[in-house]
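Here the structure comes first, spelled out in structure tokens, and everything after it is commentary.
In the text below, chain A, chain B and the rest are named by the order of the sequence lines, each starting its count at 1.
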Amino acid sequence: MKISKNKVAQIFREIADFLSIKGENPFRIRAYEKAADALEHLSGDLEELYRRGKLKGVPGIGKGMLEKIEVLLSTGTLPAYEQLRAEFPPGLVEILSIPEVGPKTVKLLYEKVGVKSVDDLEMAVQSHKLRNLPGMGAKTEENIVKGLKLYRMRRSRILLGTALPLVGEVILELRERASSWIEKISPAGSLRRGKETIGDIDILVTSSNPSSLMDAFTSLSFVNDILAKGETKSSILTPQGLQIDLRVVAPESFGAAIQYFTGSKSHNINLRERAIKRGLKINEYGVFTQEGKKIAGEREEEVYHCLDLSFIPPELREDRGEIEAAEEDKLPHLLTEEDIKGDFHIHTTGSDGRDSIEDMIQRAREKGYQYIAITDHSSSLKVARGLSEQDVLSQAERIKKINSSLNNFRVFSGTEVDIRADGTLDFSDEVLKKLDIVIAAVHTGFKQDERKMTSRVIKALQNPYVKILAHPTGRLLGEREACAIDLNKVMQVAKDRGVWLEVNSQPQRLDLNDVWAREAKRRKIPIVINTDAHNKQSLDLIKLGVVTARRGWLEKEDVINTLPLDKLLTLLK
DNA sequence: GCCGTTTTCGGCCCGACTGTTTTCAGTCG
């Protein structure tokens with residue numbers, strides 16, 4: 001049984017939880033969590049990385065962690081981990097995920113009341129067994145009841161593509177109701193970093209009238225429940241169970257605060273460690289000298305400049321080497337949405353899209369694009385009303401005619417051809433060679449094992465007419481795991497064959513993800529950012545793909561569809 | 001457990017908030 005890096009990370013996190021309940025050295029606990037983070041941010045197969053010695057020198061993975069990974073890889077288990085598991089009942093760690101309940105409480109409840117699981121805790125609370133414990137009172141008991149309620153209704157993280165428009169609406173409505181009390185306003189947190197999923201939404205604001213602003217915030221149409229309401233922070237719950245926090249900060253601290261609340265946590269820790277080495281201190285109010293003199297805080301850029309770092313865009317703040325790069329002034333010049341000149345993955349009424357070719361052209365031109373490719377599904381994908389060979393060829397003829405009537409814009413004929421279970425394609429080469437752009441993609445048979453899936457996709461990429469591999473892992477966030485596929489091998493073939501890899505902008509796909517997009521860049525494999533739009537509005541999803549690419553450190557030069565039409569045509573020849 | 005342009009030992013981010021407390025511990029982000 002092969003053990004994945006995510007599995008190892010999960011084991012490390014569980015060890016950290018056990019150790020925290022035991023009351024171990026907090027820094028040792030952090031070390032396990034940090035190692036788990038580091039593993040999750042690596043791209044590639046763990047065993048291969050280990051064999052090639054690539055794990056050495058990864059920050060957070062030292063001698064001890066390396067040995068543990070080695071043992072896990074060769075035996076599939078870890079004695080120290082098994083020992084901890086034997087030491088505690090199996091349901092204990094889960095109690096930690098209840099809000100308000102931390103390791104000390106779990107330990108106390110376990111030892112004094114015999115609470116071994118979330119259900120045990122529920123019963124203990126109901127029979128008021130907690131309020132007489134040392135350090136506990138009626139109020140704490142009440143808070144645990146609340147925590148349990150939140151735990152029971154706990155929702156999974158929401159998609160970036162859902163959160164972004166929502167926060168836009170929240171800010172809009174807030175401005176409508178309280179514009180005169182709002183000075184600066186900006187989302188922070190993982191939303192601002194462009195993470196693919198969002199836990200809760202943080203909004204920062206400077207205000208001349210905080211209490212009236214908070215009144216307005218807590219009476220927005222989105223409010224289902226008010227969790228907290230104060231002068232500096234209020235929290236509300238939307239009907240969907242999403243928490244939105246609004247924080248009021250002083251104008252002179254806005255930069256430091258937005259830096260602080262944007263995170264990520266490990267980026268900030270790294271930054272503050274760096275500050276300490278320079279005799280400085282960073283908090284959410286500013287950057288201070290040892291004498292307590294404030295030297296920055298109003299603008300976010302200053303915080304970085306004080307530490308002799310160039311400004312780090314929010315999307316890079318994941319502690320994946322961005323601070324070191326900023327130090328050497330080697331940060332990438334991240335691409336922007338304005339750099340995008342076209343879209344290669346578009347569906348129309350020809351298959352399962354909702355709008356016509358003409359509609360898509362119109363919207364693309366409004367966006368300032370210079371080209372699009374029409375890539376409807378192929379015949380075997382019946383659910384999407386896939387085109388027959390004859391259909392796609394007559395569509396290509398129609399596109400030719402459309403092109404003859406267009407100035408300064410080009411429509412490419414194409415297809416999103418299905419990669420069948422055996423790696424053959426749904427259309428014959430005779431048909432494919434008559435199309436401008438051939439995208440290959442897997443839509444069925446996701447449960448194949450890694451060897452089968454990898455060779456299936458590689459076989460498809462070896463077809464001379466395939467230009468793009470769409471949504472390479474097939475994941476659907478919150479619905480379907482990435483399929484088992486060795487992307488390192490796939491990338492090697494893509495590179496040799498000159499196939500472009502897609503960053504798909506659909507909110508639930510974002511596939512390739514940030515980590516793999518960065519790996520593609522490292523291998524100098526061209527990326528295309530596509531929307532996979534099934535209607536004209538969806539062409540605007542491109543921003544999600546761009547954000548994902550930015551998180552993958554991509555620059556304009558790494559992305560094919562930043563090329564203007566003339567350069568693209570030269571390339572396609 | 002990790003790590004080193006002061007260190008191979010002795011540090012390890014920082015503050016708010018809350019509750020149970022007469023000065024602090026626990027949790028959170």
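Taking atom C1' on both nucleotides, B/dG15 is separated from B/dG10 by 24 Å, rounded to a whole Å. Here, B/dC12 and B/dT7 have their C1' atoms 13 Å apart, quoted to the whole Å. Rounded to a whole angstrom, the distance from the C1' atom of B/dC3 to that of B/dT8 is 9 Å. Nucleotides B/dT20 and B/dC14 have their P atoms positioned 29 Å apart, rounded to a whole Å. Going from the C1' atom of B/dT23 to that of B/dT18 covers 15 Å, rounded to whole Å. B/dT22 and B/dG26 have their P atoms separated by 14 Å, with the value rounded to a whole Å.
Of the residues in residues 184-209 of chain A, not one comes within less than 4.0 Å of DNA chain B through any heavy atom. Within residues 86-102 of chain A, the residues having any heavy atom under 4.0 Å from DNA chain B are, by residue number, A/I98, A/P99, A/E100, A/V101, A/G102. Within residues 282-289 of chain A, the residues having any heavy atom under 4.0 Å from DNA chain B are, by residue number, A/I282, A/N283, A/E284, A/Y285. Looking at residues 103-121 of chain A, you'll see A/P103, A/K104, A/T105 sit with a heavy atom under 4.0 Å from some atom of DNA chain B. Listed in residue order, the members of residues 253-266 of chain A having a heavy atom less than 4.0 Å from DNA chain B are A/Y260, A/K265.
Listed by chain and residue number, A/K2 satisfy the salt bridge (charged side-chain N to carboxylate O under 4.0 Å, His left out) test with A/D45 (two or more places apart in sequence, or in another chain). Partners of A/S234 under the side chain to side chain donor-acceptor pair (under 3.5 Å) rule, at least two apart in sequence or in another chain, do not exist in this structure. Shown here are the salt bridge (charged side-chain N to carboxylate O under 4.0 Å, His left out) partners of A/E302, two or more places apart in sequence or in another chain: A/R299.
A/E322 and A/H267 form a side-chain donor-acceptor contact under 3.5 Å, judged by distance and modelled atom types alone. A/S235 and A/D245 are linked by a side-chain donor-acceptor pair at a separation below 3.5 angstrom, with hydrogens and angles left out of the test.
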Run A/R522 and A/E519 through salt bridge (charged side-chain N to carboxylate O under 4.0 Å, His left out) and show every step you take.
CA-CA 5 Å; A/R522 195 187 66 76; A/E519 176 64 16; 2.9 Å; yes

Evaluate the salt bridge (charged side-chain N to carboxylate O under 4.0 Å, His left out) criterion for residues A/E33 and A/K265: first the C-alpha distance (whole Å), next the side-chain angles of each, then the deciding distance (0.1 Å), finally the verdict.
CA-CA 12 Å; A/E33 287 166 350; A/K265 186 174 171 175; over 6 Å; no

Report the C-alpha separation of A/L121 and A/L130 in whole Å, then their side-chain angles, then the decisive distance to 0.1 Å, and conclude whether the side chain to side chain contact (heavy atoms under 4.5 Å, CB included) test is met.
CA-CA 9 Å; A/L121 178 58; A/L130 307 190; 4.1 Å; yes

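Between A/R85 and A/E82 there is a salt bridge, with a side-chain nitrogen of the basic residue lying less than 4.0 Å from a carboxylate oxygen of the acidic one. Under the 4.0 Å criterion applied to side-chain N and carboxylate O atoms, A/R551 and A/E196 are not assigned as salt-bridge partners. Under 4.0 Å is where a charged nitrogen must lie from a carboxylate oxygen, and between A/D514 and A/R320 at least one such pair does.
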What protein N or O atoms touch nucleotides 3-8 of chain B N or O atoms at under 3.5 angstrom, if any, and at what distances?
from, atom 1, to, atom 2, distance (Å)
B/dC3, OP1, A/G60, N, 2.8

Show the distances under 3.5 angstrom between N or O atoms of the protein and N or O atoms of nucleotides 19-21 of chain B.
from, atom 1, to, atom 2, distance (Å)
B/dG19, OP1, A/N143, ND2, 3.4
B/dG19, O3', A/T140, OG1, 3.1
B/dT20, OP1, A/G137, N, 2.8
B/dT20, OP1, A/G137, O, 3.4
B/dT20, OP1, A/T140, N, 3.2
B/dT20, OP1, A/T140, OG1, 3.0

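Using a 4.0 Å heavy-atom criterion, one finds that A/I276 contacts the sugar-phosphate atoms exclusively.
Two residues are said to be in side-chain contact when any heavy atoms from C-beta on lie closer than 4.5 Å; A/P187 and A/I171 meet this criterion. At a threshold of 4.5 Å between non-hydrogen side-chain atoms, the residues A/M136 and A/L108 count as touching. Counting heavy atoms from C-beta outward, A/L220 and A/I244 have side chains that stay 4.5 Å or more apart. Looking at A/I295 and A/L280, their side chains come closer than 4.5 Å, going by heavy atoms from C-beta outward. Residues A/K195 and A/S264 fail the side-chain proximity criterion, which asks for heavy atoms closer than 4.5 Å. Side-chain contact between A/L309 and A/R274 is present, with heavy atoms from C-beta onward closer than 4.5 Å. Put simply, the side chain of A/E273 reaches to within 4.5 Å of the side chain of A/I269, judged on heavy atoms. Using a 4.5 Å cut-off on side-chain heavy atoms (C-beta onward), A/L246 and A/K229 make no contact.
The listed nucleotides are B/dG29, B/dC2, B/dC17; the one nearest the side chain of A/R247 is B/dG29. Nearest to the side chain of A/R28, among B/dG1, B/dC12, B/dC17, sits B/dG1.
When rounded to the nearest whole Å, the span between CD1 of A/I29 and P of B/dT27 equals 12 Å. Atom-to-atom, CG of A/L271 to P of B/dC12 comes out at 17 Å; the value is rounded to the nearest Å. Here B/dC2 presents its C1' atom at 13 Å from CG of A/N270, a figure rounded to the nearest Å. With rounding to whole Å, A/D319 atom CG is found 13 Å from B/dC2 atom C1'. Distance A/L130 CG to B/dG26 P: 16 Å, rounded to the nearest Å. Distance, A/H267 NE2 to B/dG29 P: 20 Å, rounded to whole Å. Atom-to-atom, CD of A/E33 to P of B/dG29 comes out at 14 Å; the value is rounded to the nearest Å. Rounding to whole angstrom units, NZ of residue A/K229 and P of B/dC17 are separated by 17 Å.
Checking B/dT8 for Watson-Crick or G-U wobble geometry (two distances, each under 3.5 Å) identifies no partner in any strand.
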What donor-acceptor contacts under 3.5 angstrom involve side-chain atoms of residues 247-260 of chain A, with partners at least two apart or in another chain?
from, atom 1, to, atom 2, distance (Å)
A/S253, OG, A/Y285, O, 3.4
A/Q259, NE2, A/N268, OD1, 3.0
A/Q259, NE2, A/Y304, OH, 3.1

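Residues A/I269 and A/L66 each lie close to DNA chain B; by heavy-atom proximity, the contact nearer the 5' end of the strand is made by A/L66. Residue order along DNA chain B, read from the 5' end via each residue's closest nucleotide, puts A/Y32 first among A/Y32 and A/Q243.
Partner A/D558 forms a side chain to side chain donor-acceptor pair (under 3.5 Å) with one of A/K524, A/K521, A/R518 and no other, that one being A/K521.
When all heavy atoms are compared, the tightest approach of A/G114 to A/D120 is O-OD2, 3.9 Å.
Screening residues 96-112 of chain A for side-chain hydrogen bond (donor to acceptor under 3.5 Å, both in side chains) gives A/E94-A/S97 as the qualifying pairs, with residues at least two apart or on separate chains.
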